[in-house]
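Input: one structure, supplied below.
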Number of protein chains: 2
Amino acid sequence: MTEIRQPTPRRGTNLPRMGDFNLTVILDAVRRSSGGLSRVELAQIVGLSPQTISNISRRLLDQSLIVEAGKEGSGPGKPRTILRLNPAGMYAVGVHLDPAVTTFVVLDLVGAVVQHSRVKTPDSGNPEAVIAAIAAEIEKLVEASGVDREKIAGLGIAAPGPIDHDNGAVVEPPLLDGWDRVLLRDALADATGLSVLMDKDVTSAAVAETWAGGPSGAGSFVFMYMGTGIGCGIVLNDEVVRGTSGNAGEIGHIIVDPDGPPCDCGLRGCVKSSCIPQVLVAEAQAAGILSDEGPLTGGSVVQERFAQLCEAADAGNSAAMAIIDKSAVLVARAASVVANTLDVDRVVFGGPFWGSLSRRYLELVPDLIQQNSDAGNIHAIEVVGTGVGEDVGAIGAACLVLEHTLAPRAQRLLLEG
Amino acid sequence: MTEIRQPTPRRGTNLPRMGDFNLTVILDAVRRSSGGLSRVELAQIVGLSPQTISNISRRLLDQSLIVEAGKEGSGPGKPRTILRLNPAGMYAVGVHLDPAVTTFVVLDLVGAVVQHSRVKTPDSGNPEAVIAAIAAEIEKLVEASGVDREKIAGLGIAAPGPIDHDNGAVVEPPLLDGWDRVLLRDALADATGLSVLMDKDVTSAAVAETWAGGPSGAGSFVFMYMGTGIGCGIVLNDEVVRGTSGNAGEIGHIIVDPDGPPCDCGLRGCVKSSCIPQVLVAEAQAAGILSDEGPLTGGSVVQERFAQLCEAADAGNSAAMAIIDKSAVLVARAASVVANTLDVDRVVFGGPFWGSLSRRYLELVPDLIQQNSDAGNIHAIEVVGTGVGEDVGAIGAACLVLEHTLAPRAQRLLLEG
DNA sequence: TTAGGGGAATCCTTGACTGAGATCCGCCAG
DNA sequence: CTGGCGGATCTCAGTCAAGGATTCCCCTAA
């Protein structure tokens, strides 16, 4: 353990990089504004001269990434021409590969869903066949959307962790037999002809929030992903934290309940063993809240019964409410650990199971997190639910492409090796 | 909780910024190399053309931040001229304000300690007098070092958290009465005439590692700070994570022992209640390992007895060893939580109490962390002890200045508001 | 003496900045 | 109703500064 792997050192930058970066900065400002911005406003916001804004605007107009959308003249003088994002300027395809269902979306530049489909994930141990099926579904979806293929910037894949980011493979995914270290990214690139990006589902969800989540996707935040498992996506200063192997956000073994049930790690009360939906459903069945007592096999069964549990809680069943409320306390503890460690001032909740939980969680969690906050005296911590719905995984996957292509990441400035 | 605070949007960049950034990139490459680099090597490393390197080298030579140090010719052709950091090119002053002792250092450009002193922190409730005393001590230290005042880039302060980074104040510091929200940074700037930066001690320690820690300070890592409390500093891709209010790294309430003692947060087995030195010393006293049974008042008493405990463990006292070993397990769990959440591949241990612990911890902790790693299948996690010694707080404080002035932070590229 | 590599001088390209001019609209007088 | 005036917005040329490409000079080993 004494030899330190020497990372690639920090590299320099040059003029073309600078130009491209400023372009993405302006695009980002336009994107984040509600209702567009004029060139003068842009100059003020990004700190560049009006001239430069004009030049870059022209480039963006030429690429039809933005459009001039009307004028706005209040007083005397030439009215400002408003620049807006052109939704049809670019598209991206997203796939969320989940043990239960595989979701597909085509997204436009503003992050709106143009086309959408879901298929049950085939549980064959034959990844090649599944990959071919995915490629075919993408083909069908793009066809149906009527989008010009030239306008499709790429394909994003969201997969359950852990993943091997360097090789574009999932590693020992639970409930996906035969998928260990299959080179999914390259296989799909070959099959579709698109450039492919791959990330964990929680990271994708966080990216979806930055791109399609409105004001709650700006700055720094932790995205609590409520899915089959519970994970988090991390965004610091508008940049997603991926970690060395793309596996940031693993919080399954944070201990949230010293009196909780034992976990496979040998301890007690981990997130993974005490507050994921599967555990809550099992608790509800043991308590006799859910009539159906069949085995909990597969993600879709869990999802269904979990929805029943939440409905019971919303309907006033006190035992069900107790289970949900307790889970809120535990999840809030996990969120607090991450929020305290990174000192963020916003926690965003989302994920496929969030819809059922949101009402009760939004009543309980804000106060719990505020109480647990180490920096609570200095700044409050906002707790919000995401605006991106159930398909956040697939939407996030598509947003990976948009983010990679158009977001003003500092990395974009640096020369490549 | 619905109103989202709109953060300052991402800003553009321009030519002068680019030039300055490239300068810092080159300086950083020279700094990180062992034994200097030639211009050609630099060109290859940072990706800029040889003559750009030449131009920037000239600027660095003019500012005497680097020096030409000999030639290196192996084969035919003109031998390479080696560029090295000039230790005397710049200095920085660092102060570590700790409840027990206040440490002062003057650092040169390579991070070597030029001058050093310690005084007991006066426990008066009169911050103004203490600030005046600190300023006087700095004056004395600079005088004694014989350093040209023009070469002093600034003053760094490391303070125990939580801090209010915006206002440069400590917030409700434990054991420091009367210091709540005193505007320490501005007061010291007025008193010394230096530009002052302030950060938490754990953040400062992480910065010290990036600047003076050798290869283990590159890339991404978590710095576990073993002090009166236990905290962590976070560095991702060579940039320190500070958080919205400068309070990142608060891990005191991560639960590491479900069977542990109760904590003031209402739960059990937090880091703060189960493995900080004060708790271990109390355990040792209860077990009769330490003969002296006096009260545990003040940081220096704890430090002294903790050293005795570690000595006993090193000497083979099995009860003492059990206490240290158990703490290693617990601290490893906390480190694992952070490492898993951020997916870093290195954990660096350090801090004032690290010296006593290092031998046993380095035997136990690497395996423990590897076992707890969620990404353990994908990459190993290195565990190393810092090269920066007991004064890491003050050295880190001085490094804050060097880092702010000379590190290739992406932030440097962006235009200011 | 020759070969080969390092470093500097020169010119080119490119992107942002500066200042003058064109454009557009509301206002107001005739 | 019409045309000139003023003010704000936007664009056109010129300048500046930084990195890139080419060329040349210098140095050392063989």
Side-chain angles (χ1 to χ4, degrees), chain A residues 11-27 29-30 36-62 66-83 408 412-416, chain B residues 11-27 29-30 36-62 66-83 408 412-416:
Chain A
R11 294 176 71 82
T13 186
N14 60 13
L15 263 161
R17 298 254 161 198
M18 184 174 82
D20 287 349
F21 177 79
N22 280 344
L23 185 132
T24 63
V25 167
I26 290 177
L27 192 70
V30 171
L37 289 171
S38 71
R39 290 171 175 80
V40 254
E41 285 170 317
L42 276 169
Q44 217 206 332
I45 289 172
V46 306
L48 296 167
S49 69
Q51 211 47 35
T52 306
I53 304 290
S54 235
N55 293 340
I56 294 178
S57 301
R58 200 171 307 123
R59 281 174 66 191
L60 287 168
L61 287 165
D62 287 347
I66 59 173
V67 286
E68 294 191 335
K71 297 180 182 275
E72 186 181 73
S74 54
K78 181 171 175 177
R80 306 171 164 183
T81 49
I82 302 298
L83 302 173
R412 181 187 302 282
L413 276 161
L414 306 181
L415 296 165
E416 276 142 26
Chain B
R11 293 175 70 83
T13 186
N14 60 14
L15 263 163
R17 299 254 160 196
M18 185 172 83
D20 287 349
F21 178 80
N22 280 345
L23 184 133
T24 62
V25 167
I26 290 177
L27 191 70
V30 171
L37 290 170
S38 70
R39 290 173 175 79
V40 209
E41 287 169 316
L42 275 169
Q44 216 208 331
I45 290 172
V46 305
L48 295 167
S49 68
Q51 58 288 15
T52 302
I53 304 290
S54 242
N55 294 340
I56 294 178
S57 301
R58 201 171 307 124
R59 282 175 63 191
L60 287 168
L61 286 165
D62 288 347
I66 60 173
V67 287
E68 294 192 335
K71 299 186 179 268
E72 185 181 75
S74 54
K78 180 172 175 179
R80 305 173 166 185
T81 48
I82 302 297
L83 302 172
R412 181 187 303 281
L413 277 161
L414 274 35
L415 296 166
E416 276 143 24

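This structure is a prediction, so every number in the text was calculated from the model and none was measured. Sequence lines set the chain letters: A, B, ... in the order given, protein chains first and strands last, and positions in each chain run from 1.
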Atom CD of Q51(B) and atom CD1 of I53(B): how far apart are they, to the nearest 0.5 Å?
9.0 Å
Whole-Å distance, E68(B) CD to dG6(C) C1', equals 12 Å
Please report the distance, rounded to the nearest Å, between CG in L413(A) and C1' in dG19(D).
14 Å
Within the structure, does a side-chain N or O atom of R39(B) lie under 4.0 Å from either OP1 or OP2 of dG6(C)?
no
I53(B) has an atom CD1; how far is it from atom C1' of dA21(D), in whole Å?
15 Å
Does T81(A) place a side-chain N or O at less than 4.0 Å from the phosphate oxygens OP1/OP2 of dC10(D)?
yes
Whole angstrom value for the distance that separates C1' of dG5(C) from CD of E41(B):
13 Å
Rounded to whole Å, please give me the gap between CZ in R80(A) and C1' in dG26(C).
16 Å
Would you say R58(A) reaches dC12(D)'s phosphate, i.e. side-chain N/O to OP1/OP2 under 4.0 Å?
yes
Is a side-chain donor or acceptor of T81(A) paired with a backbone partner of E68(A) at a separation under 3.5 angstrom?
no
Backbone N or O of L415(A) within a donor-acceptor pair of the R11(A) side chain at under 3.5 Å?
yes
Enter the distance from L414(B):CG to N22(A):CG here, rounded to the nearest 0.5 Å.
9.0 Å
Main-chain N/O of R17(B) paired with R412(B) side-chain donor or acceptor, under 3.5 Å:
no
Can you see which heavy atom on L23(A) is nearest to which on I56(A), and at what distance?
CA-CG2, 3.7 Å
Could you go through nucleotides 14-18 of chain C and list every protein N or O atom that sits under 3.5 Å from one of its N or O atoms, giving the distance for each pair?
from    : atom 1 : to     : atom 2 : distance (Å)
dA16(C) : OP1    : N22(A) : ND2    : 2.9
dC17(C) : OP2    : S49(A) : N      : 3.0
dC17(C) : OP2    : S49(A) : OG     : 3.2
dC17(C) : OP2    : T52(A) : OG1    : 3.0

